[in-house]
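What follows is one structure encoded as C-alpha cells, with my remarks underneath.
Whatever order the structure lists ligands and atoms in, that order sets their numbers, starting from 1.
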Amino acid sequence: MEEKELLKEAVKAREFAYVPYSGFKVGAALVTKDGQIFHGCNIENAAYSVTNCAERTALFKAYSEGVTKFETLVVTADTEGPVAPCGACRQVISELCDPEMEVILTNIKGDIQRTTVKDLLPGAFSPKDLK
Ligand code: THU
C-alpha cells in the first residue's frame with residue numbers, strides 16, 4: 001500500500017479514540033507482512049493509568065489474533081510535529097517488532113518522520129536482560 005494511503009488508515013483509526021479525559025486522539029495503523037492492517041486508537045479510563053495507547057491497541061489486536069510479523073507501524077495525532085510515541089509504547093514496540101522495522105510518525109497535517117524500531121528506544125530492556 002502507498003504511504004499516503006497508510007497515513008489515511010491511521011487517521012481513520014484515530015476517529016474511534018475514546019478520550020473523555022484528555023480529548024487527545026491518537027491513531028495507529030499496523031501493516032502486517034501478509035498485507036493486513038490492524039487499526040488502533042487510544043482508549044482511556046477513569047482510572048487514568050490503565051489507559052491503552054493507540055500503538056499498543058494495534059499491536060495487541062494483532063498478537064491476540066496470532067499475527068506477529070509486521071512491515072510498518074504508522075502513528076498519528078493532532079500534534080505540532082510528528083507525534084512522539086510514549087515510553088511504554090516504545091518498550092512494547094521494541095519487544096514485539098523487528099528492530100529494523102519501519103515506523104512512520106506523522107500528524108494530521110501530514111508532517112512525516114520516518115524512523116525504525118531500534119531508533120525509537122536505544123538501550124531497550126529486552127528478554128535478554130532476563131537471562
Ligand atoms: N497516547 C497514545 O495513544 N500514544 C502515545 O504514544 C502517546 C499518548 C495517548 C494516551 C492518552 O490517551 C493520550 O494520548 C494523552 O496522553
Compile the donor-acceptor pairs under 3.5 Å between side chains in residues 79-93 and protein atoms, sequence neighbours left out, one pair per line.
from  : atom 1 : to     : atom 2 : distance (Å)
Thr79 : OG1    : Gly81  : O      : 2.7
Arg90 : NE     : Pro85  : O      : 2.7
Arg90 : NH1    : Leu120 : O      : 3.0
Arg90 : NH2    : Pro85  : O      : 3.1
Gln91 : NE2    : Phe125 : O      : 2.7

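- Protein neighbours of ligand 1 below 4.0 Å, counting non-hydrogen atoms: Ser22, Phe24, Val26, Asn42, Glu44, Thr51, Cys53, Ala54, Glu55, Pro85, Cys86.
- At least one donor-acceptor pair closer than 3.5 Å links the side chain of Thr32 to the backbone N or O of Gln36.
- At most 12 non-hydrogen atoms from other residues, nucleotides or ligands lie less than 6.0 angstrom from NZ of Lys69.
- Taking 4.5 Å as the limit, every side-chain heavy atom of Leu7 sits out of range of all side-chain heavy atoms of Thr76.
- Using a 4.5 Å cut-off between side-chain heavy atoms of Ile, Leu, Val, Met, Phe, Trp and Tyr, with links allowed through other members, Phe38 and Val74 fall into different hydrophobic clusters.
- Partner of Phe70 under the side chain to side chain contact (heavy atoms under 4.5 Å, CB included) criterion, chosen from Val117, Asp98, Leu30, Val103: Leu30.
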